[in-house]
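Numbers restart at 1 for each chain; the letters A, B, ... are given by sequence-line order, proteins then strands. Everything numeric in this text was worked out from a predicted model, so none of it was measured.
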Protein chains: 4
Amino acid sequence: MRADARRNRERIVGAALGLFAEHGSGVSMEEIAQAAGLGVGTLYRHFPDRRALVEDLAVSTLTALRDRLRSTRDRPPWDALADLVGYCAGQPLALVTSLTGAAPASESRTRLVGEVDVLLHDLVEQAQKQRVLRGDLSPEQIAGLLNVAICRPGARADDPLTTVLLDGLRTHRPGA
Amino acid sequence: MRADARRNRERIVGAALGLFAEHGSGVSMEEIAQAAGLGVGTLYRHFPDRRALVEDLAVSTLTALRDRLRSTRDRPPWDALADLVGYCAGQPLALVTSLTGAAPASESRTRLVGEVDVLLHDLVEQAQKQRVLRGDLSPEQIAGLLNVAICRPGARADDPLTTVLLDGLRTHRPGA
Amino acid sequence: MRADARRNRERIVGAALGLFAEHGSGVSMEEIAQAAGLGVGTLYRHFPDRRALVEDLAVSTLTALRDRLRSTRDRPPWDALADLVGYCAGQPLALVTSLTGAAPASESRTRLVGEVDVLLHDLVEQAQKQRVLRGDLSPEQIAGLLNVAICRPGARADDPLTTVLLDGLRTHRPGA
Amino acid sequence: MRADARRNRERIVGAALGLFAEHGSGVSMEEIAQAAGLGVGTLYRHFPDRRALVEDLAVSTLTALRDRLRSTRDRPPWDALADLVGYCAGQPLALVTSLTGAAPASESRTRLVGEVDVLLHDLVEQAQKQRVLRGDLSPEQIAGLLNVAICRPGARADDPLTTVLLDGLRTHRPGA
DNA sequence: AATGAATGAGCCTTCATTCAT
DNA sequence: AATGAATGAAGGCTCATTCAT
């Protein structure tokens with residue numbers, strides 16, 4: 001039954017992602033369980049409380065983001081940046097931040113946020129050194145800006161914001 | 001007594017704006033009333049229910065936005081666009097959209113949204129005709145994009161997103 | 001409406017006392033509210049949560065007990081002791097201790113318990129000095145014993161335990 | 001396998017006794033199973049539901065009490081009474097009564113209660129005939145009183161209540 | 001008209017019990 | 001036969017809304 005349990009856990013996560021993305025953070029535990037085809041009790045067996053579920057979604061999302069950042073570390077910085085922006089826009093769980101709100105982060109989440117910060121910071125620094133990323137914004141500002149893009153609910157990969165953001169971030173030669 | 005009533009109504013709206021901006025959409029009616037220095041009963045005398053209050057905030061915000069758009073109709077399109085982006089980023093109530101969510105809009109709101117759409121559409125068309133706004137995006141895409149920027153909670157006028165968005169929207173000459 | 005609110009509060013306390021005494025500590029908030037002829041919301045307006053209600057019952061009971069002890073301070077110690085035992089057996093709320101269980105006590109409750117302890121201690125000491133109370137038990141033991149009698153649910157003033165307890169506590173002359 | 005089953009059953013009963021004594025009647029079936037080193041399923045194989053488990057504890061306790069009473073039937077009544085009081089105070093499961101509450105008793109329990117009642121009644125009658133037990137209380141009152149002492153949770157053999165009760169029950173010669 | 005107490009539907013969570021493995 | 005995952009009824013609590021004063 002280990003296999004069943006794992007499938008159920010995944011169904012719950014999937015249902016939660018979908019419902020949160022579609023209807024916002026107000027979705028009830030009952031609705032999530034129902035969407036996963038399970039009873040509430042099962043949901044609570046997998047996640048001790050609502051916060052634990054949200055934390056789990058946040059941690060999964062941040063882990064995937066960190067891994068994506070790591071996987072492009074050796075590519076030209078602009079390519080890595082473009083990949084990142086596209087990747088984020090494609091995430092249905094851009095809303096993680098909006099879900100967790102001001103709640104205290106778990107240790108895992110805190111660590112992941114730190115790792116992502118470092119990776120982003122390095123990426124930005126390299127891109128600016130190579131003059132492909134505009135230099136009048138601090139790494140922190142750009143990171144925050146990317147974060148905004150990441151957290152925007154309903155973002156899609158083919159979103160015009162992707163293009164506009166990238167064009168806005170790219171170094172503008174004099175006269176352009 | 002009319003004056004008193006008006007003052008109370010304004011206090012409520014102000015309190016609601018402030019609390020929603022600071023603590024998100026989860027603020028309770030009781031909290032809003034208290035922040036306005038009134039009892040809940042008085043709040044309900046002015047707004048039949050929560051949706052009515054939120055609608056009112058939305059309508060006020062949209063009205064101000066429409067008026068801003070109207071007021072820059074005769075200026076060069078790029079200036080008008082820059083003004084618009086800056087204005088929206090400066091609005092503490094960018095969150096109106098997040099408050100109303102998927103709820104059906106009132107007649108007033110529907111009308112206002114339509115008016116804003118037309119004004120935006122015209123502005124975009126003019127800017128593209130003058131080649132100051134990139135032309136590979138449809139007016140609708142740009143409107144949506146602006147809407148995203150408009151609705152982002154916590155936006156401020158000095159936000160780097162403002163600059164980046166504007167640079168991203170501006171026409172890019174060949175070689176830039 | 002202050003008067004109504006007070007009456008309601010009293011109704012709640014009365015209903016809670018009755019139900020706890022009759023059906024034990026498992027009674028639900030809904031049942032208490034219903035027995036008081038009120039909705040749950042009203043119960044929660046008066047007591048922020050279950051623990052607060054139980055604490056209130058405990059504090060009332062302890063206050064009454066302390067006042068009773070104070071009121072007999074100037075009477076002969078054996079009379080005071082007999083009054084105390086009879087009083088406790090007559091209390092429907094002997095169950096306070098069983099309700100509060102191991103939960104952390106409020107400041108008021110802690111203070112009251114301390115006051116009652118001191119009063120009991122003095123009473124016992126005087127009674128032993130006058131040789132009307134058996135001396136082979138420490139004041140603490142006797143206090144604990146009285147506490148047991150106090151906390152026994154369902155005790156009544158005409159309970160045989162009252163007589164037996166008093167006779168057991170009284171000094172036994174040699175040969176008796 | 002019969003041996004295994006018996007051991008498991010005993011483990012469950014032991015765990016339940018310990019947990020109920022230590023943490024009160026609120027202990028969950030899961031906790032009991034875990035303390036017994038078993039899964040809930042196994043617990044439910046031995047006891048169809050919670051009430052059955054509690055009933056079993058009650059029946060065991062009452063059986064032991066009845067056997068104790070039987071075993072002292074031929075000793076002097078006061079000795080038998082003293083033994084009884086001491087025995088009850090030493091029982092960690094004095095709480096059986098608090099566990100069963102007002103729930104309807106099983107046939108076994110009803111029968112046992114009857115047997116204990118008869119034994120107690122006889123004992124009291126003999127002791128009163130011999131003038132070692134105060135005669136101003138009916139057998140029923142004394143039985144009830146003992147029951148109170150029996151059912152008090154947390155009682156210990158060296159409890160001062162034991163001494164006081166016994167002294168209170170003993171016949172008081174004139175002048176004592 | 002203003003107030004805030006009362007109401008109750010609905011959410012989160014627990015736990016006795018059932019059932020698939 | 002043992003296990004522990006799944007279930008769902010029930011309890012504590014919140015908050016939008018109504019209503020008596």
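Between A/T42 and F/dA5, a side-chain N or O to OP1/OP2 separation shorter than 4.0 Å is absent. Between A/N8 and F/dA5, a side-chain N or O to OP1/OP2 separation shorter than 4.0 Å is absent. Distances shorter than 4.0 Å separate none of the side-chain N or O atoms of A/R45 from OP1 or OP2 on F/dG4.
Between the P atom of E/dT13 and the CG atom of A/L53 lies a distance of 10 Å, rounded to the nearest Å. Here E/dT14 presents its P atom at 12 Å from CG of A/L43, a figure rounded to the nearest Å. In this entry the distance linking CZ of B/R11 with P of E/dA2 reads 11 Å, nearest Å. Straight-line distance from the CD atom of C/Q34 to the P atom of E/dA6: 17 Å, rounded to whole Å. D/H23 places its NE2 atom 13 Å from the P atom of E/dC15, with the value rounded to the nearest Å. Atom CZ of D/R9 and atom P of F/dA1 are 14 Å apart (whole Å). Atom C1' of nucleotide F/dA6 and atom CZ of A/R6 are separated by 18 Å, given to the nearest angstrom. Rounding to whole angstrom units, CZ of residue A/F47 and P of F/dA5 are separated by 14 Å.
Using a distance-only test at 3.5 Å, with no hydrogens or angles considered, no donor-acceptor pair links the side chain of A/E22 to the main chain of A/L19. Put simply, the side chain of A/E10 never gets that close to the backbone of A/R7: no donor and acceptor are under 3.5 Å apart. Put simply, the side chain of C/T61 gets close to the backbone of C/L57: a donor and an acceptor are under 3.5 Å apart.
B/M29 CE to B/R50 CZ: the interatomic distance, rounded to the nearest 0.5 Å, is 6.0 Å.
Within the structure, salt bridge (Lys or Arg N to Asp or Glu O under 4.0 Å) contacts touching residues 34-43 of chain B (residues at least two apart or in different chains) do not occur.
A stem is defined here as three or more consecutive Watson-Crick or G-U pairs, each with both distances under 3.5 Å; for DNA chain E these stems are E:2-21 with F:2-21.
Residue contacts shown for C/H46 are limited to sugar-phosphate atoms, with no base heavy atom under 4.0 Å away.
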message: side chain to side chain contact (heavy atoms under 4.5 Å, CB included), that's the test. Do C/F20 and C/I32 meet it? Break it down for me.
response: CA-CA 9 Å; C/F20 281 141; C/I32 294 170; 3.9 Å; yes
Using atom names, set out every protein N or O paired with an N or O of nucleotides 13-15 of chain F below 3.5 Å, distance rounded to 0.1 Å.
residue, atom, partner, partner atom, Å
F/dC13, OP2, C/Y44, OH, 2.9
F/dC13, OP2, C/R50, N, 2.9

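D/D4 has no carboxylate O lying under 4.0 Å from a charged side-chain N of D/R9, or vice versa, which leaves the two without a salt bridge.
For the side chain to side chain donor-acceptor pair (under 3.5 Å) test with C/S106, the passing option among C/R51, C/E55, C/R111 is C/E55; the others fail.
D/V113 has its side chain within reach of D/L62: a pair of non-hydrogen atoms, C-beta onward, lies under 4.5 Å apart.
Residue order along DNA chain E, read from the 5' end via each residue's closest nucleotide, puts B/L38 first among B/L38 and A/V27.
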